[in-house]
Amino acid sequence: MATRAKQSFPPIAQDTLWLIFRVSIGAFMITHGVGKLLKLFGDEPIKFMDFMGIGPTASLALVVFAEFFCAILLILGLFTRIAAAMIAITMAVASFYALSDDPFSDRETPLLYLVACLAIIAIGAGNWSVDRLIRGKS
């Protein structure tokens, strides 16, 4: 029985796919954060969940920080693991606290973002990122 040579994925393809993945997750997340950002700075009274008793305004501000500003950091690949961790925490709170009584179909999107961010935390920003430029070649 002949053995097959293990084929590896070319590094440039890996870097390209990881860039597409990281930027896509960040860009998709921004679409959720923009509405909340407008709500935070809008004229209407803020009605939002009060996580851990910090108040609806502070809770909304933390979500805006994660879903909008950390998503921008994810796209840039700047402080990537920290930004992904902030988004992951926000998605965990959304899935297991804010939407805990809702059907799975309502919790599916935040769970997918949570898993994607866990992958980004584990792997990092990749070679095509500001993080890589800062740390230089290693």
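Keep in mind it's a predicted model, so treat the numbers as computed, not measured. Along the sequence shown, residues are numbered consecutively beginning with 1.
- Across every non-hydrogen atom of Pro110 and Ala94, the tightest pair is CB-CB, 4.2 Å.
- Val93 and Phe65 fall within the same hydrophobic cluster, defined by Ile, Leu, Val, Met, Phe, Trp and Tyr side-chain heavy atoms under 4.5 Å apart, directly or through other members.
- Atom CZ of Arg81 is separated from atom CD1 of Ile123 by 9.0 Å, given to the nearest 0.5 angstrom.
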Item to check | Full working for side chain to side chain contact (heavy atoms under 4.5 Å, CB included) between Phe104 and Leu99 | outcome: CA-CA 9 Å; Phe104 178 77; Leu99 302 173; over 6 Å; no
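- With values rounded to the nearest 0.5 angstrom, Asn127 atom CG is found 10.0 Å from Thr16 atom OG1.
- Nearest heavy atoms, Ala84 versus Ile120: CB-CG2, 3.8 Å.
- Rounding to the nearest 0.5 Å places CG of Asp50 at 5.0 Å from OG of Ser59.
- Pairing each heavy atom of Thr57 with each of Leu40, the nearest pair is O-CD1, 4.0 Å.
- You'll find the side chain of Arg107 stays beyond 4.5 Å of the side chain of Met91, heavy atoms only.
- No more than 12 heavy-atom neighbours from other residues, nucleotides or ligands sit within 6.0 angstrom of CZ on Phe79.
- With rounding to the nearest 0.5 angstrom, the CG atom of Leu112 is 8.5 Å from the CD1 atom of Ile25.
- Looking at heavy atoms from C-beta onward, Phe69 lies out of side-chain contact with Leu73 at the 4.5 angstrom threshold.
- When hydrophobic clusters are built by joining Ile, Leu, Val, Met, Phe, Trp and Tyr residues whose side-chain heavy atoms come closer than 4.5 Å, directly or via intermediates, Val115 is not grouped with Trp18.
- Taking every heavy atom of both residues into account, Ile121 and Ala88 meet most closely at CD1-CB, 4.3 Å.
- Under the 4.5 Å side-chain criterion, counting only non-hydrogen atoms from C-beta, Val63 is in contact with Phe48.
- Interatomic distance, CG of Leu38 versus NZ of Lys36, reported as 11.5 Å (0.5 Å rounding).
- The shortest side-chain heavy-atom distance between Arg22 and Ser129 falls under the 4.5 Å cut-off.
- Residues Tyr113 and Leu111 fall within the same hydrophobic cluster, defined by Ile, Leu, Val, Met, Phe, Trp and Tyr side chains chained together at heavy-atom separations under 4.5 Å.
- Note on Phe68 and Ile75: same hydrophobic cluster, where clusters join Ile, Leu, Val, Met, Phe, Trp and Tyr whose side-chain heavy atoms are under 4.5 Å apart, directly or indirectly.
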Item to check | Working for side chain to side chain contact (heavy atoms under 4.5 Å, CB included), residues Thr90 and Leu62 | outcome: CA-CA 8 Å; Thr90 302; Leu62 289 172; over 6 Å; no
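- At least one side-chain heavy atom of Ile12 sits less than 4.5 Å from a side-chain heavy atom of Trp128.
- Linking Ile, Leu, Val, Met, Phe, Trp and Tyr residues whenever their side-chain heavy atoms come within less than 4.5 Å leaves Leu19 and Met29 in two separate clusters.
- In this structure, the separation between CG on Asp131 and CG on Leu76 is 9.5 Å, given to the nearest 0.5 Å.
- The shortest distance between side-chain heavy atoms of Leu114 and Phe96 falls below 4.5 Å.
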